[in-house]
Protein chains: 2
Amino acid sequence: METLPIGDFAARSGVAPSALRYYEREGLIRSTRTGGNQRRYLRSELRRVAFIKIAQQVGVSLEEIRDALAELPENRTPTKADWARLSAHWRRKLEERISIMERLRDQLTGCIGCGCLSLQRCSLINPADRLAARGSGPQMIINPPS
Amino acid sequence: METLPIGDFAARSGVAPSALRYYEREGLIRSTRTGGNQRRYLRSELRRVAFIKIAQQVGVSLEEIRDALAELPENRTPTKADWARLSAHWRRKLEERISIMERLRDQLTGCIGCGCLSLQRCSLINPADRLAARGSGPQMIINPPS
DNA sequence: CTGCAACTTGAAGTTCACTTCAACTCAAGG
DNA sequence: CCTTGAGTTGAAGTGAACTTCAAGTTGCAG
């Protein structure tokens, strides 16, 4: 089957070789090796990288992305249906994020009106459903409630 | 004027004392000191922290937040009007993010239909307007086009 | 006035998502 | 065959946004 060396794969996916090696170490993508131990990527891996990039834009951590990708079949190249199932799942996540941000927007509008921006009164800061950041380290936008 | 020690301020703002000290070092908030060098916060600083938390949820870096906060008056406690101006500005940013995510959602829906998720063809991955991640380090959601 | 929780500092540690580096090996065109 | 660009590894570095630690100081209740 036709495969790509890491440089070509990086060019086609728009992800640096170093990042691809990192993804592989972290179990997000796979590659086969030549006799001389060089990576060769199946074209179908491009879809994985595409998925990773989309999920990242939605603010999902690599760990979560890995877990999601783990649902794809291991023994065969994923079909359109496999991808469609995964995509549908993430579209729902994306919609959740959108509605959270819309709520944020509406409430910010309200706060502009009243000029409050008060931690005590304003639902923007302490909404019933916690969208506050949890844990340490750099925060992804609207940390997904686990 | 009535002020709060760091512990109380942390409790009221929902931000850890260590984070508050960090924000101060980074020039995002201010405090006065007691004779014994302990921090005392004005209640009006709570609004700053509220603003910081909201902006972070929208995916803005502390550096950008600091720049935004720098527009508030230094010599007096910000008025409602000061805050309203700032909030209106950030509401626009928030709306931008929302529309980007909506576009993402619509295109992902399309991709589910066609099952492509192809890097080459799919506008999700390489949209004309770069919303791809730039630079290194952990990526904020939908890195704001500078 | 004492005791103890709450505070102070600077320095070092943490996590994520990578990148960079050094030293080395492989693959392919001339 | 030889050169050269592309690839390999592990280890260390980066930047954001904090947290943790150690060693010492302050403020207030009793």
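Heavy atoms only: backbone and side chains are in, while hydrogens, waters and symmetry mates are out. Convention: sequence-line order gives letters A, B, ...; per-chain numbering from 1.
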May I ask you to evaluate whether [X] reaches the phosphate of [N], defined as a side-chain N or O under 4.0 Å from OP1 or OP2?
{"X": "A:Arg33", "N": "D:dT9", "answer": "yes"}
{"X": "A:Thr34", "N": "C:dA27", "answer": "yes"}
{"X": "B:Tyr22", "N": "D:dA16", "answer": "no"}
{"X": "B:Ser18", "N": "D:dT20", "answer": "no"}

Closest-nucleotide ordering on DNA chain C, the 5'-leading residue of A:Ala16 and A:Gly36:
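Closest to the 5' end, via its nearest nucleotide, is A:Ala16.
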Return the value, rounded to whole Å, for the distance between atom [atom1] of [X] and atom [atom2] of [N].
{"X": "B:Glu24", "N": "C:dC7", "atom1": "CD", "atom2": "C1'", "result": "13 Å"}
{"X": "B:Tyr23", "N": "D:dA16", "atom1": "OH", "atom2": "P", "result": "14 Å"}
{"X": "B:Arg25", "N": "C:dA12", "atom1": "CZ", "atom2": "C1'", "result": "12 Å"}
{"X": "B:Leu20", "N": "D:dA17", "atom1": "CG", "atom2": "P", "result": "15 Å"}
{"X": "B:Ile29", "N": "D:dC18", "atom1": "CD1", "atom2": "P", "result": "11 Å"}
{"X": "A:Arg66", "N": "C:dC18", "atom1": "CZ", "atom2": "C1'", "result": "15 Å"}
{"X": "B:Gln38", "N": "C:dT8", "atom1": "CD", "atom2": "P", "result": "5 Å"}
{"X": "B:Arg21", "N": "C:dA11", "atom1": "CZ", "atom2": "P", "result": "16 Å"}

Determine the minimum heavy-atom distance between B:Leu86 and B:Ala68, stating which atoms define it.
CD1-O, 3.6 Å
Residue pair B:Leu20 / B:Ile29: nearest heavy atoms and the distance that separates them
O-CD1, 3.5 Å
Looking at the side chain of B:Arg39, which of C:dT8, C:dC16, D:dT19 is the nearest nucleotide?
C:dT8
Using the ring of each side chain (for Trp, its six-membered ring), is A:Phe51 parallel, tilted or perpendicular to A:Trp83, with breaks at 30° and 60°?
tilted
Evaluate the criterion side-chain hydrogen bond (donor to acceptor under 3.5 Å, both in side chains) for residue pair B:Ser31 and B:Glu45; output intermediate values, then yes/no.
CA-CA 8 Å; B:Ser31 64; B:Glu45 287 297 291; over 6 Å; no
Side-chain heavy atoms of A:Met101 within contact of B:Glu95, under 4.5 Å
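No - every pair of side-chain heavy atoms lies 4.5 Å or more apart.
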Remember a base hit wins even if backbone is also touched, and classify A:Arg40 as base, sugar-phosphate or nothing at under 4.0 Å, heavy atoms.
nothing
What does B:Pro17 touch in the nucleic acid at a heavy-atom separation under 4.0 angstrom: a base, only the sugar-phosphate, or nothing?
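Here B:Pro17 touches no strand at all.
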Need to verify one output field. Residue with the more 5' nearest nucleotide on DNA chain D, B:Glu63 or B:Gly35?
B:Glu63
